[in-house]
Amino acid sequence: MAEKTFEGRRVLAIVTNYGVEQDELVVPVKHLRDKGTAVTVAAVTTDDIRTLVGDKDPGATVQPDLTLPEVDPDSYDLLLVPGGTLNADTLRLQDDAQRIVRAFSSAARPVAAICHGPWLLVETGLTEGRTLTSYASLRTDIQNAGGTWVDKSVVSDDTGSSTLITSRTPDDLPDFLREIEAALAPSAG
């Protein structure tokens, strides 16, 4: 069987400049780029993105491609929202991050959020009536926002205007990436 490639597909990853969980940003970006996907990383500022490992240990430094205010959501096929407690808690309060998520949802384009990343989906009202997973501590937030939380490695919910792909932790990245690939497949676009 031929290796799947996603040339011509564009993914946007949105983060803050500090506290994103290293593997939840670096692994999907590398994986998708290795398959021919154009991946853009947008942060709050043009400063380096300082990732963390396990929310505490310094991780890799990533240079953003642009800032959140510069993002044109219509230019991308899928939105990636990595976690990391500090990143996700700060990102959900960014007006531009909320604007981007809402634009993807209203354009019926998939949003993939892992670990604490679904906090942004809660903040934008996209969880109501939807089934999601996340880091376990978000369960109550998702439920209070009208969503159903399940303890699975990945959930792909296509019952709303756009598909929501959610995952729990970096340990679930293989399943998360599989669902992202399914959403990027030509028949899905």
With side chains defined as the heavy atoms from C-beta onward, is the minimum distance between [X] and [Y] less than 4.5 Å?
{"X": "Asp157", "Y": "Leu132", "result": "no"}
{"X": "Leu80", "Y": "Ile14", "result": "no"}
{"X": "Phe104", "Y": "Pro73", "result": "yes"}
{"X": "Ile165", "Y": "Ile114", "result": "no"}
{"X": "Leu79", "Y": "Val11", "result": "no"}
{"X": "Glu181", "Y": "His31", "result": "yes"}
{"X": "Gln98", "Y": "Leu120", "result": "yes"}
{"X": "Thr46", "Y": "Thr67", "result": "yes"}

When clusters are formed by joining ILVMFWY residues with side-chain heavy atoms under 4.5 Å apart, either directly or through shared neighbours, do [X] and [Y] land in the same one?
{"X": "Ile49", "Y": "Val44", "value": "no"}
{"X": "Val26", "Y": "Val53", "value": "no"}
{"X": "Val15", "Y": "Val71", "value": "no"}
{"X": "Leu177", "Y": "Val39", "value": "yes"}
{"X": "Val41", "Y": "Phe6", "value": "yes"}

Nearest-0.5 Å distance, [atom1] of residue [X] to [atom2] of residue [Y]:
{"X": "Thr16", "Y": "Asn87", "atom1": "OG1", "atom2": "CG", "value": "3.5 Å"}
{"X": "Glu24", "Y": "Leu52", "atom1": "CD", "atom2": "CG", "value": "11.0 Å"}
{"X": "Ser156", "Y": "Leu164", "atom1": "OG", "atom2": "CG", "value": "8.5 Å"}
{"X": "Leu86", "Y": "Thr51", "atom1": "CG", "atom2": "OG1", "value": "12.0 Å"}
{"X": "Asp23", "Y": "Asp171", "atom1": "CG", "atom2": "CG", "value": "9.5 Å"}
{"X": "Asp141", "Y": "Thr127", "atom1": "CG", "atom2": "OG1", "value": "9.5 Å"}

**Request:** Could I get the full list of ring-ring contact (aromatic ring centres under 6.0 Å, His included) partners for Tyr18, not counting sequence neighbours?
**Result:** none

For residues [X] and [Y], report the shortest heavy-atom separation together with the two atoms involved.
{"X": "Ser167", "Y": "Phe176", "value": "CB-CD1, 3.4 Å"}
{"X": "Ser134", "Y": "Pro118", "value": "CB-CG, 3.9 Å"}
{"X": "Ser162", "Y": "Val111", "value": "OG-CG2, 4.5 Å"}
{"X": "Ala113", "Y": "Leu121", "value": "CB-CD1, 4.1 Å"}
{"X": "Val101", "Y": "Leu126", "value": "CG1-CD1, 3.2 Å"}
{"X": "Glu123", "Y": "Arg92", "value": "CG-O, 3.2 Å"}

Does any donor atom in the side chain of [X] or [Y] lie under 3.5 Å from an acceptor atom in the other side chain?
{"X": "Asp65", "Y": "Thr40", "result": "no"}
{"X": "Asp89", "Y": "Trp119", "result": "no"}
{"X": "Asp55", "Y": "Thr85", "result": "yes"}
{"X": "Glu21", "Y": "His116", "result": "no"}
{"X": "Ser161", "Y": "Ser105", "result": "yes"}
{"X": "Thr61", "Y": "Arg50", "result": "yes"}
{"X": "Ser153", "Y": "Asp172", "result": "no"}

**Request:** Given salt bridge (charged side-chain N to carboxylate O under 4.0 Å, His left out), test Arg99 with Asp95 step by step and report yes or no.
**Result:** CA-CA 6 Å; Arg99 170 187 63 84; Asp95 291 339; over 6 Å; no

Under 3.5 Å, side chain of [X] to main-chain N/O of [Y], donor-acceptor pair present?
{"X": "Gln22", "Y": "Ala60", "result": "yes"}
{"X": "Thr133", "Y": "Val150", "result": "yes"}
{"X": "Thr148", "Y": "Thr131", "result": "no"}

**Asked** Crowded around Gln143 CD? As in, over 12 foreign heavy atoms under 6.0 Å?
**Response** yes

**Message:** Evaluate Val62 against Leu25 for side-chain contact (heavy atoms from CB on, under 4.5 Å), listing each step before the verdict.
**Reply:** CA-CA 9 Å; Val62 176; Leu25 174 63; 4.1 Å; yes

**Message:** Does Arg109 form a salt bridge (charged side-chain N to carboxylate O under 4.0 Å, His left out) with Asp74? I'd like the steps, not just the answer.
**Reply:** CA-CA 9 Å; Arg109 282 177 278 131; Asp74 293 337; 3.3 Å; yes

**Message:** side-chain contact (heavy atoms from CB on, under 4.5 Å), that's the test. Do Arg178 and Asp175 meet it? Break it down for me.
**Reply:** CA-CA 5 Å; Arg178 180 194 71 233; Asp175 294 337; 3.0 Å; yes

**Item:** Residue pair Asp151, Arg168: steps toward the salt bridge (charged side-chain N to carboxylate O under 4.0 Å, His left out) verdict
**Value:** CA-CA 8 Å; Asp151 187 12; Arg168 299 175 301 196; 2.8 Å; yes

**SB check Arg10 Asp77 (cutoff 4.0 Å)** = no

